[in-house]
Each structure stands twice: as C-alpha cells, then as structure tokens.
Amino acid sequence: MESGTTRSAWGATKAGRRGLGLWGPAVAIGVVAAGVVAGLTFAFSPSETPGLLAVVTGVTALPVGVALGWAIQVDRTSMTGAVERPEESVESRWLEQAAFGALFDGFAMIGLGAGAIAITGVEVAADVVLVVLWVLLSVDFGVRYLVVRRTA
Amino acid sequence: MNNSLAERRTQRGWSQARLAEILGVSRQTIISIEKGRFDPALPLAFRLAHTFDCSIEDLFTPEDWHPRD
C-alpha cells in the first residue's frame, strides 16, 4: 500500500473507492445473489407456498450476498489492522492447526455416525445430518482455534 | 527455539507493534516469537536477521543446540 493512503474499518476498492462507491456495487451483487437463491428456492422447493419460501430465503441470503460483494471488491491493505503478510503471522498457524484438528475430528464423527446409523437402522433425513455435521465441525474448529490461541 | 529478539528489539527502542509493522506481520506474531512459542518461517527469519543486521544463527538457537567444534 502506498504511504499516506488512509485506512478504514471497511477499507476501499483497489481503485480507491469508499463509501457508496464500495457499498453500491456490494449491494448490487448481494441483490443478484439473493435473487438467484430465491429463484432456485422457488423453482425447486416442494413447499405449498414456494413464493413465500423464496422471499424468506432471498431476504436471508441478502446480507450474505452483500458481504460477498464487499469481500470481492475490497483491497485488504486499505483496512485498518490488516498486515502485509498474514500468511507469515502466527494467526495463520493457529488457523491451520485448528482446521487440521477439525478435519480429523470430522473423519471420526462421520465414521462413528455412519456406523451408529448402520447398526441401529435409524433413518435420519440427509439435511438434518448435514446441518448437524456442519454445526459440530464449526464448533470444533472454533474451540480448537480458541485453545491454540490461548496457549500461544 | 531460543531467541534474542526481545533483547535486540528493546536495544533499538522499538515496541512489539513497531517491529511487527516493519516486518509486515501481526503484533501477536512478535509476541509469540519472543516467548518461544512460534518459530517463524524462513522468509520471516531472514527478514528479522536483516532488520537487526545479524545472521539467523545470531537470532535463533535451538534449545538443545550443541555446535560442533
């Protein structure tokens, strides 16, 4: 980053656009992404009220889409607190350690879960399994990261 | 790894944040290196040595190091 360039919490685009110049396109990207999600929901949902469900999923997806639009555009070196070489910082090592541990925990979870389902014959909806697995892995990763960070 | 980073840094009157800014890494990275809880990758180790005008061996010493005579 050039010296004298001001940094801010939300940063700027590589072209130096801030405020509306940054968030305008981000919102536009968010609206498009939300529209795609809503459209897919409307087209494939077995619900009796696909329109209502599409609106709900679209509204839910909008902030995520806007965040994605921001992340695509922003020049990270324009953000307050951003370091030049994050890959060499200790936080990257913590991230790797936490992700590595969570990966092997995931192997164990899936293996044990598949064995339990096979033995018991319990029928579990696929979406429930995936959501539970996602939550468990997310919590696992988060806890591991906090533990590694605390002992650093 | 044992290291003389904190000593050399304070000799220059630099804070951990200042050294981190010079090297382009986080302040937590400097803290962890000085505590001996994080061994830097080679590029960072070389930049540290260059910053303090010394060799990597002057900065870092393995805990069980026995140099051959």
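In what follows, chains carry the letters A, B, and so on, assigned in the order in which the sequence lines appear, proteins first and then strands, with residues in each chain numbered from 1.
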Chemist: Quick one: what part of B:Ser26 sits under 4.5 Å from any heavy atom of chain A, side chain, backbone, both or neither?
Modeler: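 Interface part for B:Ser26: both.
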Chemist: With sequence neighbours left out, which residue pairs that include part of residues 98-116 of chain A fulfil the side chain to side chain donor-acceptor pair (under 3.5 Å) condition?
Modeler: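 Sorted result for residues 98-116 of chain A: A:Asp105-A:Arg144.
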Chemist: Which atoms of B:Leu23 come close to chain A, meaning under 4.5 Å heavy atom to heavy atom: side chain ones, backbone ones, both, or neither?
Modeler: backbone
Chemist: Has A:Leu20 got more than 12 heavy atoms of other residues, nucleotides or ligands less than 6.0 Å from its CG?
Modeler: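 No, the 6.0 Å shell around CG holds no more than 12 heavy atoms from other groups.
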Chemist: Take atom CZ in B:Arg12; do more than 12 heavy atoms of anything else shown fall under 6.0 Å from it?
Modeler: yes
Chemist: Please tell me whether B:Phe46 and B:Leu19 are part of a single hydrophobic cluster in this structure, the criterion being side-chain heavy atoms less than 4.5 Å apart.
Modeler: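 Yes; tracing contacts between hydrophobic side chains, which count when under 4.5 Å, links both residues.
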Chemist: Please determine whether residues B:Phe52 and B:Ile30 belong to a single hydrophobic cluster, defined as Ile, Leu, Val, Met, Phe, Trp and Tyr linked transitively by side-chain heavy-atom distances below 4.5 Å.
Modeler: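 They do share one cluster, since a chain of ILVMFWY contacts under 4.5 Å joins B:Phe52 to B:Ile30.
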Chemist: Are there residues of residues 80-96 of chain A whose heavy atoms fall under 4.5 Å of chain B's heavy atoms? If so, which?
Modeler: A:Val83, A:Glu84, A:Arg85, A:Glu88, A:Ser89, A:Val90, A:Glu91, A:Arg93, A:Trp94
Chemist: Look at atom CZ of A:Arg149 and say whether more than 12 heavy atoms of other residues, nucleotides or ligands are closer to it than 6.0 Å.
Modeler: no
Chemist: How about CZ on A:Phe42, more than 12 heavy atoms from neighbouring residues, nucleotides or ligands closer than 6.0 Å, or not?
Modeler: no
